[in-house]
Amino acid sequence: MQVLGLDIGFGFTKVTDGRSHQIFKSVVGEAAEAAFNNTINPGSAAPLGPHRQITIGEESYFVGETAEAESRGRGFTLDQQQLLSRYARVLAAAAIAPMVPSGEPLRVVTGLPISFLRRHRDGLTALLQQRQQVTLTHADGSTEDKQIHIEKVRVIPQPFGALFNNMLNEHGKPSAQRFVTEKLGIIDIGFRTADYAISDRTRYSERGSQSSDAGISLAYTAIANSLTEQSGVQVELYRLYEAVERGSIKIKGKRYDLTKLTERAFRSLATRVSNEVNRLWADDWDLDAVVLSGGGSGALLPYLQPLLEHELLPVTEGEDPRLLNVRGYYKYGLHLWPPEAARQSTR
Ligand SMILES: Nc1ncnc2c1ncn2[C@@H]1O[C@H](COP(=O)(O)OP(=O)(O)OP(=O)(O)O)[C@@H](O)[C@H]1O
Ligand SMILES: [Mg+2]
């Protein structure tokens, strides 16, 4: 039995088994037949990450950065229903298959944004909890058959991933006392959603927990609209990460500076997040501290910090904030299904 944390985000799909992890853009596309191997220097393909191709039943897909770069028809979505009905199965299989031995019984903890939890929890569980035969195609064209056997699934409110990541140690046991005894706020800023949650001595507070649309894609939409005005080209949102990071983008031979646009868009998004937080937590002035999570919180931090009056718990230096939730899901999985006990119970 193996425990996995799985986070199918609107921006990125992440999975971890506690030792290693996978992360790739939540993009799915048609697999193209490789007509010829067009890399002169095989090492030069490295920035794209590994080749991700998976066949499920009759359909073969490129996934993540491979789909972004090579699929003719490719899709991504900012709609929860669509993410689940059209993409989640392929994204989950593509993330999990390279991580696990074929046929190994798996137990998976995953999350949903708070506002979708009630409506989609059972659907997501049913979608994941099954046996599935898939084939991975590697960069050199070789194939590998895998059976993915997910025997148990637990779905929790997304921001609790970050909370459990702080609260539990690598054996799934509570270790950081303040996370157990204090009243904490969690702000998880993802690509599409911002989720706010309160844990009062580990108890989930309904009143203080809510999802909103204040994800990074709002800022990216503003940037993309301005680029469309300037260049006439509609840039897909998921192609903006690297450009925003770099501070510029080249469209049809012309380079556009993004630093001012990004600053304005991020400042306005941070203002929105802080307004939402202050409104939602107006009665919770007794919060001890606030935990930040999600890739967006890393990007927004410089703008957000001056606007929030709470004690912010720092993210560990060098840690990718996109992975905080999934690491917490994994630890919570160990907490639910401790490895020794699980081995005994299957005897
Ligand atoms: N190395 C990186 N590459 C791309 N984006 C990054 C990177 N580091 C941080 N980011 C930020 O992370 C954000 C995505 O965060 P995250 O993976 O937490 O979102 P998500 O979980 O997919 O979205 P949601 O929670 O809305 O479903 C991007 O919008 C970007 O601002
Ligand atoms: Mg997320």
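Indexing begins at 1, ligand by ligand and atom by atom, following the structure's order.
For Tyr220 and Tyr241, the distance between ring centers is under 6.0 angstrom.
Ring pair Tyr332/His335 is parallel by interplanar angle, where below 30° counts as parallel and above 60° as perpendicular. Between Phe191 and Phe76, the ring planes are tilted. Angles from 30° to 60° get that label.
The N/O atoms of Asp320, backbone and side chain alike, include none that comes under 3.5 Å of an N/O atom in ligand 1. Where the criterion is an N or O separation shorter than 3.5 Å, residue side chain and backbone included, Arg192 meets it with respect to ligand 1. Residue Lys14 places at least one N or O, backbone or side chain, under 3.5 Å from an N or O of ligand 1.
Ranking protein heavy atoms by distance to atom 4 (C) of ligand 1, first place goes to Phe12 CZ, 3.4 Å. In terms of protein heavy-atom proximity, atom 28 (C) of ligand 1 is closest to Tyr241 CE2, 3.5 Å. Among protein heavy atoms, the minimum distance from atom 10 (N) of ligand 1 is reached at Arg322 CD, 3.9 Å.
Each of the atoms 20 (P), 21 (O), 22 (O), 27 (O) of ligand 1 lies under 4.0 Å from some heavy atom of Gly9. For ligand 1 and Gly11, the ligand atoms under 4.0 Å from any heavy atom of the residue are 20 (P), 22 (O), 23 (O). Of all the atoms in ligand 1, the ones that sit under 4.0 Å from a non-hydrogen atom of Gly295 are 9 (C), 11 (C), 12 (O), 13 (C), 15 (O), 16 (P), 18 (O). The atoms of ligand 1 that sit less than 4.0 Å from any heavy atom of Gly294 are 18 (O). Within ligand 1, counting atoms from 1 as listed, the ones closer than 4.0 Å to a heavy atom of Gly296 are 12 (O), 13 (C), 15 (O).
Counting only distance, with no hydrogens or angles, the side chain of Ser211 and the backbone of Ile114 share a donor-acceptor pair below 3.5 Å. Although no hydrogens or angles enter the test, the distance criterion places a donor-acceptor pair under 3.5 Å between the side chain of Ser71 and the main chain of Glu30.
With 3.5 Å as the limit, one finds a donor-acceptor pair spanning the side chains of Gln22 and Arg52. A donor-acceptor contact closer than 3.5 angstrom is absent between the side chains of Thr77 and Asp79.
Atoms CD1 and OG, on Ile186 and Ser293 in that order, are 8.5 Å from each other to the nearest 0.5 Å.
Residue contacts with ligand 1 for Phe191 involve both N, CA, C or O and side-chain atoms from C-beta outward (heavy atoms, distance under 4.0 Å).
Heavy-atom separations between Gly298 and ligand 1 are all 4.0 Å or longer. Under a 4.0 angstrom heavy-atom cut-off, Gln158 registers as being in contact with ligand 1. At a 4.0 Å cut-off, not a single heavy atom of Glu242 sits close enough to ligand 1 to count as contact.
The option with the heavy atom closest to atom 30 (C) of ligand 1, from among Phe10, Tyr238, Tyr220, is Tyr220. Of the options Ile216, Leu112, Asp195, the smallest heavy-atom separation from atom 31 (O) of ligand 1 is shown by Ile216.
Around the CD atom of Glu144, the shell of radius 6.0 Å holds more than 12 heavy atoms that belong to other residues, nucleotides or ligands.
Each of Glu242, Glu65, Glu236 was scored for a salt bridge (charged side-chain N to carboxylate O under 4.0 Å, His left out) with Lys25, with one residue passing: Glu242.
Between Asn325 and Pro159 the shortest side-chain heavy-atom distance does not fall below 4.5 Å.
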